Amino acid sequence: MNLIVSTISQGFIWSIMAIGLFITFRILDFPDMTVEGSFPLGAVTAVSLIQSGHSTLYSLLIAFIFGCLAGFATAFLYAKLNVPILLAGILTMTALYSINLRILGKANMSLTKSTNIFNQFGLDKLPTNFNGIILGIIIIAIIIFLLIIFLNTEKGQAVIATGDNETMAASLGINTTVMKFIGLMVSNGIVAITGGLIAQQNGFADVNMGIGVIVIGLSAIIIGEVIYPDVSLSIRLITIVIGSIVYRLILMIVLQLGFNTNDLKLISAIILALCLALPTIRAQFLKTMRNGVKTK
């Protein structure tokens with residue numbers, strides 16, 4: 001039972017990162033590799049600040065700001081210097097590796113002797129692993145609430161329009177360049193917050209902890225879309241949380257079947273590939289069934 005609760009707790013925390021990724025991947029409609037650099041950026045920023053005596057909430061706020069700056073760098077390369085978005089994200093991600101080393105001072109740092117947000121505000125009095133669930137629900141509720149408010153404003157609708165059809169949005173007088181900056185900055189800011197939370201939950205920060213996080217985020221998004229294919233944007237943000245929990249439960253089941261933990265990245269990639277292929281498989285199956293009925 002503790003294993004299931006722990007898995008659900010991780011699903012809640014990781015879903016925050018998936019929500020951030022959703023902004024670029026689905027709303028702005030382009031892949032942003034910056035997240036693999038902004039995630040550890042948030043982690044090393046939070047850990048180094050906490051170790052320096054700053055509060056956990058302050059460390060997460062600075063992590064968010066640094067994540068926004070990472071998104072700004074990618075947006076500048078993409079929107080101002082016309083670097084392809086995929087390459088712009090890779091360039092920023094590569095640069096962030098050295099920046100993360102500079103911030104942390106070494107490859108990794110432990111938090112075992114420091115206070116973290118999971119044992120503050122009375123969360124340490126909850127049953128084992130329930131602190132992650134409660135904290136995750138609170139942070140997710142705040143982020144989704146703020147995102148829904150923002151996306152229903154004129155600026156938010158402009159961001160959505162830019163992702164749907166940039167040419168049409170520009171013809172309506174929308175500054176699509178500014179919208180890209182906003183989307184990338186908010187997205188990477190949220191991802192950096194997740195990095196700070198995961199570092200505190202795990203008790204350490206590592207400059208390499210961002211490897212493969214984009215697969216984790218995309219898996220949560222795709223699984224949520226497969227389970228709930230036709231929902232409003234507001235509900236879609238909630239389905240991402242469900243998708244993240246389901247993804248974590250699938251990983252737990254696979255590991256319980258005896259697979260090596262070293263294969264975790266491979267398993268994650270396979271799960272994402274199957275989720276991406278599921279709509280095509282479903283369409284082909286329905287087509288085959290209809291053809292079979294017609295033949296009869």
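Everything numeric in this text was worked out from a predicted model, so none of it was measured.
Annotation: side chain of L218 is in contact with side chain of F25 (closest heavy-atom distance under 4.5 Å). Counting heavy atoms from C-beta on, the side chains of T162 and D29 never come closer than 4.5 Å. Here the side chains of I223 and Y247 are in contact, with some heavy-atom distance below 4.5 Å. Looking at heavy atoms from C-beta onward, I99 lies out of side-chain contact with F66 at the 4.5 angstrom threshold. Considering only heavy atoms from C-beta on, V213 stays 4.5 Å or farther from L21 through its side chain.
Ring centroids of F30 and Y78 are separated by less than 6.0 Å, placing the two rings close together.
Here M179 contributes atom CE and L28 contributes atom CG; the two are 10.0 Å apart, rounded to the nearest 0.5 Å. The CD1 atom of I238 lies 10.0 Å from the OH atom of Y228; values are rounded to the nearest 0.5 Å. How far OG of S9 is from CZ of R248: 10.5 Å, rounded to the nearest 0.5 Å. To the nearest 0.5 Å, atom CE of residue M17 and atom OG of residue S38 are 9.5 Å apart. The distance from the CD1 atom of I198 to the CH2 atom of W14 is 5.0 Å, given to the nearest 0.5 Å. For the atom pair N100 CG and M209 CE, the distance stands at 10.5 Å (nearest 0.5 Å).
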| Residue pair T92, T34: steps toward the side-chain hydrogen bond (donor to acceptor under 3.5 Å, both in side chains) verdict | CA-CA 6 Å; T92 305; T34 315; 4.8 Å; no
| message | Between F64 and M185, is the side chain to side chain contact (heavy atoms under 4.5 Å, CB included) condition met? List the steps. | response | CA-CA 9 Å; F64 173 77; M185 290 175 68; over 6 Å; no
| task | Begin from the C-alpha positions of L41 and I103 and carry the test side chain to side chain contact (heavy atoms under 4.5 Å, CB included) through to its verdict. | result | CA-CA 9 Å; L41 174 64; I103 293 173; 3.6 Å; yes
| request: Tell me, with the steps shown, if T45 and L104 meet side chain to side chain contact (heavy atoms under 4.5 Å, CB included). | output: CA-CA 7 Å; T45 300; L104 206 59; over 6 Å; no
| request: Could you walk me through whether I50 and L111 pass side chain to side chain contact (heavy atoms under 4.5 Å, CB included), step by step? | output: CA-CA 8 Å; I50 292 172; L111 262 180; 3.7 Å; yes
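Cluster annotation: V35 is not connected to F76 through the hydrophobic network of ILVMFWY side chains, with a link wherever side-chain heavy atoms come within less than 4.5 Å. Residues L77 and I23 fall into different hydrophobic clusters, defined by Ile, Leu, Val, Met, Phe, Trp and Tyr side chains chained together at heavy-atom separations under 4.5 Å. Under the 4.5 Å side-chain heavy-atom criterion for ILVMFWY residues, no single connected hydrophobic cluster contains both L69 and L91. Under the 4.5 Å side-chain heavy-atom criterion for grouping Ile, Leu, Val, Met, Phe, Trp and Tyr, L147 is connected to I13 within one hydrophobic cluster.
Enclosure of atom CZ in F145 is not indicated, since only 12 or fewer non-hydrogen atoms of other residues, nucleotides or ligands lie within 6.0 angstrom.
The main-chain N or O of V215 is found under 3.5 Å from a side-chain atom of S219 such that the two form a donor-acceptor pair. A donor-acceptor pair under 3.5 Å is formed between the side chain of T194 and the backbone N or O of I190.
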